[in-house]
Structure formats: structure tokens, C-alpha cells
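Written below as C-alpha cells is the structure these notes are about.
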Amino acid sequence: MSGARGAEGARCQAALAVLASLCRARPPPLGLDLETCQSFEPQTPERSPSAANAGPSAGLLAAVVTVGGVALVAVSLFLFWKLRWPPRRSKEPSSPAPAEAPGPPGAMADKLKDPSALGFLEAAVKISHTSPDIPAEVQMSVREHIVRHTRLQRQTTEPASSTRHTSFKRHLPRQMHVSSVDYGQELPPAAEQPTSIGRIKPELYKQKSVDGDEAKPEAAKSCGKINFTLRYDYEAETLIVRILKAFDLPAKDFCGSSDPYVKIYLLPDRKCKQQTRVHRKALNPTFDESFRFPVPYEELADRKLHLSVFDFDRFSRHDMIGEVILDNLFEASDLSRETSVWKDIQYATSESVDLGEIMFSLCYLPTAGRLTLTVIKCRNLKAMDITGYSDPYVKVSLLCDGRRLKKKKTTIKKNTLNPVYNEAIIFDIPPENMDQVSLLISVMDYDRVGHNEIIGVCRVGINAEGLGRDHWNEMLAYPRKPIAHWHSLVEVKKSFKEGNPRL
């Protein structure tokens, strides 16, 4: 029943829709008048007064909100501008105005960056001594800017640090590392920089003072003098040494006297040893004895005369009174005729061993930071093998504060006591570190089986002694010029009294 009603309602709706569409046609079909068609048109609902007024109210509200937002943004921008850029107070020329409050540092920095304002500020600094109107802050800022500008110009002209020095700085002790300077920032006060340069090391001065105290009594203690003559026999190719007498010898026995005798060597040959007779209880003995040393005339320039004065003891070890070393046999004459020589007897407790000499040159290039040591040759080295020769080579160590940073070696020369090398050894050292380093030159004897033996060493550097320090200073005084010298080799124990570095 309900289904039939629904079907009828649907057909009625479809019929009404057909009539409405026919009524909308112009002109309407026959049989339909205007009044009939108006009765079938759907009626549109009327708009209420409240709905009509809702549109203008929403538009007014949107306009109010927009105006308020714009006003809030404008107020915010105005306050930010006021806080960021304070207004300048104009000064009246007739009456002095109070000093301006210092502005933010950023504003002053921006002013200094302007090139046009720099000339005005420099002029202000020049007249700041006579015109009190310029604020002190402006003067200080201009001075800082001028100093920073000068440093920047200096940075553009100075050469950059070489990358070859990186390995050297890496090996330096921490207290000796030299950091790169940043010219764009303010440097801290010099008193606050932790550095060891210029710091006093009491242990070094203590050691030197002890050595000096020990050397004074030795130098002040008189060991007397000795008189001898030299002559060369050209036909027999023999050097004739005649020991005449000694004078004012020290007393070594409890009875206040000595029993002196003299040993004679013609270095570097120590196998050929000769000695005088023993003179009992004499402080001014007269020997008058002659000794012959076969040697070619051409070799005399490389030989040394060594005289050792001893006190004879029958039941104990003989005491050494002193020694005399004549480095140059041609010091007094050409040895063609007998020449008398007087020499002071130097204090010694044991016979000094002649280990030989080494010649090398030093050359430093400050711009490149390169130190070149050229090992030229050695002479009269001590024989370390049973054959009477050695197999020498030279090892050079770069030392800094007692630590070995690098080492380099030359080639090995077989069966010789007078090797010739002519080999260059190069170290990269920055100029600012030249006062902190030194070189240890060691002449070694190569052994195929076992450890290599040290023949002798020498040291050059700002903290070395004697010729080693003078050679180093001469190298620094004449850069880019090779400076060559002969250096005597000494034992390892005598070369470093402050503590031997690791070899």
C-alpha cells in the first residue's frame, strides 16, 4: 500500500517538473496561460532582516582587524628604529654641549669602516691635544683602527709560512710551539702569554757556575814550563825533538818534590811513544835528550806534538802533572834549523786522547728557513779496527731543548782515517726557532757485526761552547754564505755536562 503511494508521488513530481519546464518555454505551448504557469513555479524563500544585516557587519569587523594589525606593525617598527638608532643631539655653536654618551660598539665600527670618515677622524686625532670637544672614545677607536689597518698591510707583504716547517713545529716541545699570529684580532698583553722564551732556567746557570768554579783552581794552579827544540832532517826524513829541561814543576810527593819524566807522541800516531829518563826529586829537571820520529815532510802540517809530564811512583800509579800540545809544528820556524820553544804545561789529570778533526760548513737561508750543513772531510781519526783503520761516517742530529728531532747520515768510507765526503745535509728550521736548536755532529765507526762505535762528537749552536758557538754566530751574521771551520772531536762524556742527549 505504501509502495503504491510512493510510486504515485514520484509520477506526480515528474509531471509537475514537465509542466514547469513547459511553462519556462517562451512562448508557452497552446493550452497553457500565464496564470496557470505561475501556479506551478516553485516559491523562493524570503530573506529575513537579520540575514540581510549580517553581510555589512562581517565586512566592518574585517576592516577593523586589518587597520589594527597595520598600526601594531608600524608601532613595532618605530620602537625598533628608536632603540637601534638613537637620535643625534645637535650641538649649538654658541654654548658647549655635554659629552655624548658612548654609542654601541657596532655603530662606531661601522663609522670606522667608511673611508670618507677616516680622514676626518685622523684629523680629529691630530687636533685632540688642543681641542677638548672630541670625545675620548672617538680618539681611542681611531687609534685602534689605524693600528689594525697597519697590521693588515704588514700581513699582505710578509711571506706565508712554508709548509716544510710543519714537521719541525710538530716535533717541538709544547712550551716552544710558535703559533701563527692573527693580525685581525687584538693581541693579548705580552705578560700574559705563556712562553718559555726569555724564561730563566736556574738549572742551566747552576751547572755553568759549578763548571766555572772547578775551572778556576785548575787554571790558577801553576804546572810549570818546559823547553824543547825542533828540527827536521831532510835527508833521513825524520823529525828530531830534543827535550831540554822543565821549570817550576809542582810537588806530587809527600816530601815536597817530584820524580818527573816526559812522554812524547807525534799525533795521530800513538803507537810510536818515546819517553825521557826519570829524574829523582827534582822540580827543575834538565833532560837534554833527543828523539827521532820518521815522517815525510809533506805530512808535518797534519801532525801534532804531544808532551805529557808524569811523576814516577814506584808502588802506585804514576801521577800526571800536565801536558803540552803543539798543533802547528811550523809555529816557530820552518824546521830547517834547530829552534828552541818554551811552552806552559797545562794542567791535566789524564792523557787527552786525540780523536781527530772534522771540517764542515754552515749556511742558513732566512727567507726559505733552510739550514745546510756540508760535511767536507775528516783527518787524523782514531783507529777503531784491529787493522789500524776505521770505517767512518758522519751522523748529524738536530736537537731542541735536549731532545733529538731529526737525524741524517752521510755515506760510509771504508778503511781510512782521513775520509772525504763533500755531502750536504739540509734541515728546515723557521727563523724564529734558530735560537732554540743546535746540531750534534757525531763521527761513527761502522761495524758489520755488533754496534757502531762513536769516534768523537762536536756540537754547534747558540748554547755550545768555544768554536761551536762562534761558528753558529758567524753563520747567522752572514746569511746565504757558507762558513767552514775545522772542529776537534771530543768524547761523548765531555761534550755535554748538562746531560747527554740520546744518540
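Numbers here simply count residues along the sequence, with the first being 1. Both backbone and side-chain heavy atoms feed into the values below; hydrogens, waters and symmetry mates do not.
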**Message:** Can you list everything that forms a side chain to side chain contact (heavy atoms under 4.5 Å, CB included) with Gln274? Sequence neighbours excluded, please.
**Reply:**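 Gln274 satisfies side chain to side chain contact (heavy atoms under 4.5 Å, CB included) with Cys272, Phe291, Phe293 once adjacent residues are dropped.
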**Prompt:** Partners of Asn473 by side chain to side chain contact (heavy atoms under 4.5 Å, CB included), sequence neighbours excluded?
**Reply:**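 Checked Asn473 against side chain to side chain contact (heavy atoms under 4.5 Å, CB included); matches are Ile462, Arg469.
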Say you draw a straight line from [atom1] of [X] to [atom2] of [Y]; how long is it, rounded to the nearest 0.5 Å?
| X | Y | atom1 | atom2 | answer |
| --- | --- | --- | --- | --- |
| Lys407 | Lys395 | NZ | NZ | 5.0 Å |
| Lys406 | Ile425 | NZ | CD1 | 13.0 Å |
| Ile454 | Leu489 | CD1 | CG | 11.5 Å |
| His306 | Leu267 | NE2 | CG | 6.5 Å |
| Asp470 | Glu465 | CG | CD | 11.5 Å |
| Asp385 | Tyr446 | CG | OH | 11.5 Å |

Decide yes or no for [X] and [Y]: does some side-chain heavy atom of the first lie under 4.5 Å from some side-chain heavy atom of the second?
| X | Y | answer |
| --- | --- | --- |
| Ser438 | Asn463 | no |
| Lys414 | Tyr389 | no |
| Ile243 | Leu307 | yes |
| Cys363 | Arg370 | no |
| Leu371 | Leu439 | yes |
| Arg404 | Leu399 | yes |
| Val437 | Phe427 | no |
| Met434 | Ile429 | yes |

**Request:** Please list all pairs passing the side-chain hydrogen bond (donor to acceptor under 3.5 Å, both in side chains) test where one or both residues lie in residues 277-294, with sequence neighbours left out.
**Result:**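 Those involving residues 277-294 are Arg242-Asp288.
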With sequence neighbours excluded, residues passing side-chain hydrogen bond (donor to acceptor under 3.5 Å, both in side chains) with [X]:
| X | result |
| --- | --- |
| Tyr393 | Asn452 |
| Tyr261 | His318 |
| Glu474 | His485 |
| Thr229 | Glu338 |

**Item:** Lys245 atom NZ, neighbour heavy-atom count above 12 within 6.0 Å
**Value:**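 Atom NZ in Lys245 is not crowded, with 12 or fewer foreign heavy atoms closer than 6.0 Å.
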**Message:** Just checking Phe330: does its CZ atom have more than 12 heavy atoms from other residues, nucleotides or ligands closer to it than 6.0 angstrom?
**Reply:**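 Yes.
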Show the atom names and distances, to 0.1 Å, of all donor-acceptor pairs under 3.5 Å that link a side chain in residues 372-382 to residues at least two apart or in another chain.
{"residue": "Arg379", "atom": "NE", "partner": "Glu357", "partner atom": "OE1", "Å": "2.7"}
{"residue": "Arg379", "atom": "NH2", "partner": "Glu357", "partner atom": "OE1", "Å": "2.8"}
{"residue": "Asn380", "atom": "ND2", "partner": "Asp302", "partner atom": "O", "Å": "2.8"}

**Request:** Identify, with sequence neighbours excluded, every residue that meets salt bridge (Lys or Arg N to Asp or Glu O under 4.0 Å) alongside Lys343.
**Result:**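 In terms of salt bridge (Lys or Arg N to Asp or Glu O under 4.0 Å), with neighbours along the sequence ignored, Lys343 is linked to Glu331.
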**Request:** Kindly write out the residues that satisfy salt bridge (Lys or Arg N to Asp or Glu O under 4.0 Å) with Glu237, not counting sequence neighbours, or none if the list is empty.
**Result:**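 Salt bridge (Lys or Arg N to Asp or Glu O under 4.0 Å) list for Glu237, sorted by chain: empty.
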**Tyr234 ring center within less than 6.0 Å of Tyr232 ring center** =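 Yes: the rings meet the under 6.0 Å criterion.
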For the backbone of [Y] and the side chain of [X], can you confirm whether one donor and one acceptor N or O come within less than 3.5 Å of each other?
| X | Y | value |
| --- | --- | --- |
| Ser390 | Asp445 | no |
| Asp391 | Asn415 | yes |
| Asn328 | Ala301 | no |
| Thr339 | Arg337 | yes |
| Ser258 | Asp311 | no |

**Request:** Sorted by first residue and then second, give each ring pair (Phe, Tyr, Trp, His ring centres under 6.0 Å) pair with at least one member in residues 357-384; sequence neighbours left out.
**Result:**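 Matches after skipping sequence neighbours: Phe360-His471, Phe360-His487.
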Taking all heavy atoms of [X] and all of [Y], pick out the closest pair and write down the distance.
| X | Y | result |
| --- | --- | --- |
| Met475 | Ile483 | CA-CG1, 4.2 Å |
| Arg459 | Ala464 | O-CB, 3.7 Å |
| Phe312 | Val278 | CB-CG1, 3.7 Å |
| Ile455 | Met384 | CG1-CG, 3.7 Å |
| Tyr421 | Thr411 | CE2-O, 3.4 Å |
| Gly256 | Leu283 | O-CD1, 4.0 Å |

**Prompt:** Partners of Phe247 by ring pair (Phe, Tyr, Trp, His ring centres under 6.0 Å), sequence neighbours excluded?
**Reply:**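 Once residues adjacent in sequence are excluded, Phe247 has no partner under the ring pair (Phe, Tyr, Trp, His ring centres under 6.0 Å) criterion.
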